[in-house]
Amino acid sequence: MHSRVFGTRFALSAAAAVVAVVLVLPSAAEAATAINFAAKVDSPSGGSFPSWGPGPSAIGVVGGDFNGDGIADVVSADFQGDGPILMTGKGNGTFNKGTRVGSAGIGYGAIGAGDLNGDGKTDVVAQSWLSIAVFLNNGDGTFKLGKKYTTVEGAQQEIIVADADGDGKADLLSLVPVGVQTWLGNGDGTFKQGGAALIAGTPAAFTTGKFNADNKLDIAVNNDVLQQVEVFLGNGDGGFTRKGSSTSGLITEDVRAGDFDGDGIDDVVTADSFSFSTTVLISNGQGGFKKTNRIVFSGLGPTSIAVADFDRDGKLDAAMSAVVNSRMVIFAGNGDGTIAKSGDFEVTTLPQTPVLLDFDRDGKTDVVVAGSANAVSFLKNLS
Ligand SMILES: [Ca+2]
Ligand SMILES: [Ca+2]
Ligand SMILES: [Ca+2]
Ligand SMILES: [Ca+2]
């Protein structure tokens with residue numbers, strides 16, 4: 001069932017690409033901007049990840065310092081392999097060959113990271129069709145397999161580490177067929193099932209964020225059936241209450257929170273897979289949205305998006321993978337809730353989740369992305 005859904009998504013994306021190429025060539029207005037990146041530098045993974053192509057997960061790679069040397073690393077899902085892969089950073093934007101985080105079985109397409117047992121070391125969690133696996137970090141980039149939990153994925157797999165109930169212990173939020181399930185952390189790397197955010201439709205992706213003025217963790221979920229983003233305000237106990245919603249694009253594969261208009265409340269940006277658009281929905285501060293800013297034909301096959309301030313002007317920017325032509329599309333934020341496409345850069349084939357961190361330690365946020373060519377691409381920020 002899963003591979004049928006995935007196959008359909010990709011086939012339709014590819015078909016839509018042919019139409020879009022014809023339509024997009026004459027116009028693509030690009031803003032003048034100070035944001036710029038060097039040509040890609042690839043590091044081979046040494047394995048066969050990520051081998052899934054587009055579809056199964058909104059977040060298939062995460063960044064962080066997993067071996068405690070102060071240099072940013074990446075952990076990637078290895079969908080057809082036996083557990084996630086760690087590639088440690090060399091500090092110059094290149095990475096060492098991958099090592100397996102642990103053996104948990106195949107089908108883990110979604111990855112999350114955070115300190116799950118409070119020892120100050122960044123742990124890894126992965127979601128497959130039917131389970132969640134925990135990998136506890138020994139501190140040197142080796143891990144011990146923790147408990148596994150039974151679940152069922154949504155339209156995609158996605159798992160995020162966050163403190164949903166505000167008790168200082170990391171919790172897990174994961175996509176399920178009816179929305180997002182909370183797993184409350186016990187503080188020792190184990191979890192118990194908590195509240196949920198339920199939607200009428202099929203959830204394809206979600207993001208954590210701050211969608212009203214209180215300090216309880218909120219989330220926004222993309223509903224693939226209604227083609228809209230739905231905001232759920234946190235109850236403070238790991239459960240959520242649905243508030244507003246607004247239309248995103250056609251088959252949105254990813255949604256991320258970020259404050260694009262500088263009012264202190266998160267907005268959302270979506271990668272609209274089948275409409276080839278990128279949509280910013282501006283929050284009203286009460287869990288709803290008040291304005292839509294959409295860039296049409298933003299990229300060929302948007303599949304995943306992430307946010308950061310690339311040029312350090314205090315205005316949030318974004319990077320989006322375009323899977324059909326293997327480009328990383330960069331958007332410059334104007335600070336008023338609008339964004340403009342500032343360029344796109346060649347990356348490895350079938351690029352998935354952009355990871356935005358300072359990988360070469362020059363103080364500027366770079367882009368790293370994994371694709372289907374057994375490599376990660378590094379785009380050095382020259383802004
Ligand atoms: Ca490191
Ligand atoms: Ca907690
Ligand atoms: Ca805002
Ligand atoms: Ca900026």
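For clarity, every value in this text was computed on a predicted model and none was experimentally measured. One-based numbering, in listed order, for ligands and for the atoms of each.
The N, O or S atom of D165 with the smallest distance to the Ca ion (ligand 2) is OD1. Closest approach between the Ca ion (ligand 2) and any N/O/S atom of D163 involves OD1. Taking the Ca ion (ligand 4) as reference, D313 places its N/O/S atom OD1 nearest. When distances from the Ca ion (ligand 4) to the N, O or S atoms of D311 are compared, OD1 comes out shortest. Restricting D309 to its N/O/S atoms, the shortest distance to the Ca ion (ligand 4) is reached by OD1. Within D167, OD1 is the N, O or S atom that lies nearest to the Ca ion (ligand 2). D317 has its closest N, O or S atom to the Ca ion (ligand 4) at the position named OD2.
Note on K315: counted as a metal contact of the Ca ion (ligand 4), an N/O/S atom lying under 3.0 Å. Checking K169 against the Ca ion (ligand 2), an N/O/S atom falls under the 3.0 Å cut-off.
Under the 4.5 Å side-chain criterion, counting only non-hydrogen atoms from C-beta, D267 is in contact with D259.
At a cut-off of 3.5 Å, with distance as the only test, a side-chain donor of D42 or S377 sits close to an acceptor on the other residue. Side chains of D272 and T279: a donor-acceptor N/O pair is present below 3.5 angstrom, by distance only.
In plain terms, the two heavy atoms of L356 and F310 that are nearest each other are CD1-CZ, 3.8 Å.
Aromatic ring centroids of W129 and F79 lie under 6.0 Å apart. Between F95 and F359, the gap from one ring centroid to the other is short of 6.0 Å. Ring pair F297/F276: centre-to-centre distance not below 6.0 Å.
Protein N/O/S atoms found under 3.0 Å from the Ca ion (ligand 3): D259 OD1, D261 OD1, D263 OD1, I265 O, D267 OD1, D267 OD2.
Note on R256 versus D254: salt bridge recorded, some NZ/NE/NH1/NH2 to OD/OE distance being below 4.0 Å. At a threshold of 4.0 Å, the pair K380-D360 counts as salt-bridged, since one of the basic side-chain nitrogens sits closer than that to a carboxylate oxygen.
Here the straight-line distance linking atom CZ of F37 with atom CZ of F378 works out to 9.5 Å at 0.5 Å rounding.
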